[in-house]
Enquirer: 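If you scroll down you'll find the structure; I have some questions about it.
Note that the structure is a prediction, hence the values are computed from the model and not measured. Throughout, protein chains are lettered first and strands after them, A, B, ... in sequence-line order, and every chain is numbered starting at 1.
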Amino acid sequence: MPETPNNPGHSESEKNTASGSVGNVSFIMLLGAGLISIRRRYIKYYSGKFNVFCKRHNRWEIIYMLDNKITRRVFLGTTLCVVTAPLFATLLNEQNNLQKVLMDGQFFNAAELTLLTDVAEIMIPKTDTPGATDAHVIPVLDGLMLTWAGVKSKRQFRFIVAQINDLAKSTYGSVYNKLAFDDRFLLIEQLDKTAFANKKSVLSTHYRRLKEMVFHIYYTSEEANPDFILIPGGYRGSLSKQELDTIQARGYL
Amino acid sequence: MSTQQATQYDVIVVGSGITGGWAAKEFCEKGFNTLVIERGRHLDHPSPEYNDMKTPWQLENRGLATELYDEEGRYRMLKAKKKTLKTDSIQFFVDDKEAPYSYPDDRPFMWTRGHQLGGRSLTWGRQVLRWGAKDFEANAKDGHGVPWPISYDDLKPWYDHVETFIGVAGNKDGLDVLPDGVFQKPWQMSCAEQSIAKKMAEKYTDRHLIIGRSANLTEPSAEQRTLGRIACQARSYCARGCTLGAYFSSLSATLPAAKATGKLTIVTDAIASHVNYDEKTGKASGIMVVDANTLEQRSYRARVVFLCASALGTVQILLNSKSKTFPNGIANSSGVVGRYIMDHFTGAVGMGEVPGFDDQYSYGRRPIATYIPNFRHEKTGNVNFTRGYGYQTTAGARPSSGNTAKREGIGAKVKAEANQPKPWHFKAFMYGEMLPYYDNQASLHPTKKDKWGIPLLHIDAQVRDNERHMISQAAKDIKEILEVGGCTKIKIIETPKDQHITVGNRTHEMGGACMGADPKTSVLNKWAQAHDVDNLFVTDGACMSSCATQNPSLTYMAITARAADYATKLMNQGIL
Ligand SMILES: Cc1cc2nc3c(=O)[nH]c(=O)nc-3n(C[C@H](O)[C@H](O)[C@H](O)COP(=O)(O)OP(=O)(O)OC[C@H]3O[C@@H](n4cnc5c(N)ncnc54)[C@H](O)[C@@H]3O)c2cc1C
């Protein structure tokens, strides 16, 4: 089976100037203060250019191994062919409640990732169950742009970000990332309605493509499938809810 | 330049799929040195290529195959078949760009292949249904195709033999049209399926809804355990390969059994281009192969040759085996090689809700569907067609409302409403018997060759009026069955008469070297032995004289085991 590269080095990285301190923000958010000192050593070591960060990706993986939970979440699966999705350093803009992504991804730049992360979370928000951000939808999408997307999709996904920004500007006179949360929500909600009401427009096609991928990634994530049982052990075709819940809780028949 | 391999084998088996694995096992277990020639790559069992132990979030690209395939025009037919190319099992399917074949522009033929050790035994649906007596009598009775030279009784002991080894979970339903076999514990029907089955039984004497018969172990025998096979865990990830060996494949069962004898040699990456024919002896002397990687040509010698390269793969080899005696392909004095290409077809799909079970749920992923066997063997009433159809059906799992990825709706509310249990839903796909038409033909392309220098197979097959008439009636019948079964919100989809039906779509391609008593009108005798060349046997789907309505592989296996047994007797007697 052709294996997709775990960690593609690419020219996108050259333009990124994320520094160690940017990394710190992400670690604080992800791992809590207890691990920061360990991180710092590496951050210092890897501070500077993003391409160094990429190249040493596997070393990061080793560090993350210190925290199993994070490892599972950050590196989805352990085999080479799985898309790795490094979490992005983010900073909350408290004024408009927007998680600003501070570093470029493998395909999207930081501003694009910020917009996409927000749109995905509007589509599938955190409620009593995890949302798109919890399920790392956009980091995974960013990885898929290299391992899955063809030329057309790459163009479409980049273009839809620009189109959403254009829409924001023509509606509210500002780029998307500067809008208040309510405006952002209304904008995407309206876009969703229009896109399905008139499927012929280019905007609709691109938006529906994005939405489909966001949903696909979310609903195939571990976070969205807490009840998933890989090895059911058998089949039953007439169970009461109570019987089903008991089996589910046990995790096997 | 070709090289001749020094070893003379007793038997060469071309292909390591469902039938090749069986031939290898039977010959090896009877003490014959057997060489299996396989065009695909080597695979171990369990193989690192199996994806059955992966969760949805662990699959490469979250299950989506790279779009590069589309951009490069690869896997076109597989995409037409499956709509979306998936990473869970794409490695077990052939890219038609790499291994092309040909068809008329206005009549695409769908040839779904698996070029690897184990062939399509890795990805098959594992529905294993015996044919009944009427199925073998059909050609003789209505005059279509070539009469079968064997009856159900000839195959019965071989069905028993095969089922015992592969392991079939099935229910003894007591139906003449679908004889019972050697079964392990059947899979359960869901509450919805049971309800429909009960209502059908109250109304009909000829139409039955039964649980499918599945080559997934539910009560592994000692023999199966010795091979390292264990009971199916209801994951239904079978097409990804099964680490547990819980479903029957050549890799998990027949090839290991053959290997255990010490009599088996396997050569992979070796494409059989033709059967070598010895003009002096009038026998096949062996097989010529092209190395898939180096293009080097080599020939292998044996006393007996079994072609098990899948129906159309075998036809290609036969037609390409030209000699002075057989200028149109070996064993083709009748001119029938490549004729009577068949497949099952659908064209009527029925579905409906099954009310009354909103408090019932399912658990586990059952690896098999339910089934309504053919009830139209006899031309009753005013139907305007010959033969009949069955339905592959299911309501095995309670459906969910899904999500709004492809429809309007975002935010917390739609998220909360996603993936909620919906009413039970029953679906039925007609599987019709296509008549054996002489004009449905596979031939060698006059000019085009593949990268190994072998002429492309050109496949020209179509459904005709009889099949179209069947579709109309099947649509009416399934509507009535759903009503009788108590379904509501019934929806029937009938393929319009002017819409092309792609033959090959059901992946049950058959014919091309049919069995028959008369050497002038058929290629093989009742032992699947070539009329023209007595040490050449064809036991894959090419040997079929009609296609019935049941999934065919169990019948291929029974024919293979029976033919191998016959060949070994002739070998022991020194006749071959
Ligand atoms: C998705 C799917 C679902 C199916 N479901 C069912 C089902 O439920 N029930 C059922 O009965 N059938 C089913 N089938 C059909 C079933 O897989 C085939 O009928 C069966 O595999 C045929 O066995 P075979 O040995 O003839 O061919 P294969 O299993 O295809 O094996 C042929 C082998 O020959 C090799 N080969 C081909 N040409 C050459 C050559 N020139 N030289 C050397 N080697 C060669 C191939 O690489 C392959 O390994 C299904 C098929 C598919 C794809």
Enquirer: Counting only heavy atoms not in Phe159(A), do more than 12 sit closer than 6.0 Å to its CZ atom?
Expert: no
Enquirer: Look at the side chain of Gln233(B) and the backbone N and O of Gly234(A), then say whether any donor-acceptor pair between them is shorter than 3.5 Å.
Expert: no
Enquirer: Parallel, tilted or perpendicular: which describes the rings of Phe228(A) and Trp57(B), with under 30° parallel and over 60° perpendicular?
Expert: perpendicular
Enquirer: Determine, step by step, whether Thr147(A) and Thr66(B) satisfy the side chain to side chain contact (heavy atoms under 4.5 Å, CB included) criterion, reporting the C-alpha distance in whole Å, the side-chain angles of both residues, the deciding distance to 0.1 Å, and the verdict.
Expert: CA-CA 7 Å; Thr147(A) 57; Thr66(B) 168; over 6 Å; no
Enquirer: With a 4.5 angstrom heavy-atom cut-off, which part of Tyr235(A) approaches chain B: side chain, backbone, both or neither?
Expert: both
Enquirer: Any heavy-atom pair between the side chains of Tyr237(B) and Leu230(A) that's under 4.5 Å?
Expert: yes
Enquirer: Using heavy-atom distances under 4.5 Å, tell me whether Ser236(B) contacts chain A through its side chain, its backbone, both, or neither.
Expert: neither
Enquirer: Let me know if Ala416(B) has heavy atoms under 4.5 Å from chain A in its side chain, its backbone, both or neither.
Expert: neither
Enquirer: Kindly indicate whether the side chain of Met213(A), heavy atoms from C-beta on, has any atom under 4.5 Å from the side chain of Leu64(B).
Expert: yes
Enquirer: Counting only non-hydrogen atoms closer than 4.5 Å, does Asn419(B) touch chain A with its backbone (N, CA, C, O), its side chain (CB onward), both, or neither?
Expert: side chain
Enquirer: What are the two closest heavy atoms between Pro125(A) and Ala412(B), and how far apart are they?
Expert: CG-N, 3.5 Å
Enquirer: If you look at every heavy atom in Lys415(B) and Tyr218(A), which pair is closest and at what distance?
Expert: CE-OH, 3.5 Å
Enquirer: Under 4.5 Å, counting heavy-atom pairs only, tell me which of Asp128(A), Leu253(A), Ile124(A) racks up the most with chain B.
Expert: Leu253(A)
Enquirer: For Phe92(B), is it the side chain, the backbone, both, or neither that has a heavy atom closer than 4.5 Å to a heavy atom of chain A?
Expert: neither
Enquirer: Please check: side-chain N/O of Lys193(A) versus main-chain N/O of Gly409(B), any donor-acceptor pairing under 3.5 Å?
Expert: no
Enquirer: Select, from Asn403(B), Val414(B), Leu244(B), the one with the greatest count of heavy-atom pairs under 4.5 Å involving chain A.
Expert: Asn403(B)
Enquirer: Search all heavy atoms of Cys191(B) against all heavy atoms of Ser238(A) and return the closest pair with its distance.
Expert: N-OG, 3.6 Å
Enquirer: Non-hydrogen atoms of chain B under 4.5 Å away: do they reach the side chain of Leu244(A), the backbone, both or neither?
Expert: side chain
Enquirer: How long is the span from the CG atom in Leu146(A) to the CG atom in Asn61(B), to the nearest 0.5 Å?
Expert: 10.0 Å
Enquirer: State whether the side chain of Lys406(B) and the backbone N or O of Glu212(A) hold a donor-acceptor pair below 3.5 Å, judged by distance alone.
Expert: no
Enquirer: Would you say Asp192(A)'s side chain and Glu408(B)'s backbone share a donor-acceptor pair under 3.5 angstrom?
Expert: no
Enquirer: Counting distance only, does the side-chain N/O of Gln188(B) pair as donor-acceptor with the main-chain N or O of Arg236(A) below 3.5 Å?
Expert: no
Enquirer: With chain A as the partner chain, list the residues of residues 356-366 of chain B whose heavy atoms fall under 4.5 Å from it, by residue number, and write 'none' if nothing qualifies.
Expert: Asp359(B), Gln360(B), Tyr361(B), Ser362(B), Tyr363(B), Gly364(B), Arg365(B), Arg366(B)
Enquirer: Mark yes or no for whether His216(A), through its side chain, and Gly63(B), through its backbone, hold a donor-acceptor pair below 3.5 Å.
Expert: no
Enquirer: Give a yes or no on this: more than 12 heavy atoms of other residues, nucleotides or ligands lie within 6.0 Å of atom NZ of Lys178(A).
Expert: no
Enquirer: I need the contact set between residues 197-211 of chain A and chain B: heavy-atom distance under 4.5 Å, sorted by residue number.
Expert: Tyr207(A), Arg209(A), Lys211(A)
Enquirer: Taking atom CD as the centre, does Gln242(A) end up with more than 12 heavy-atom neighbours from other residues, nucleotides or ligands that are less than 6.0 angstrom away?
Expert: no
Enquirer: Side chain from CB out, backbone as N, CA, C, O: work out which of these in Val214(A) comes under 4.5 Å of a heavy atom of chain B, or both, or neither.
Expert: neither
Enquirer: Do you know which two heavy atoms are closest between Arg62(B) and Ile217(A), and how far apart they sit?
Expert: NH1-O, 2.6 Å
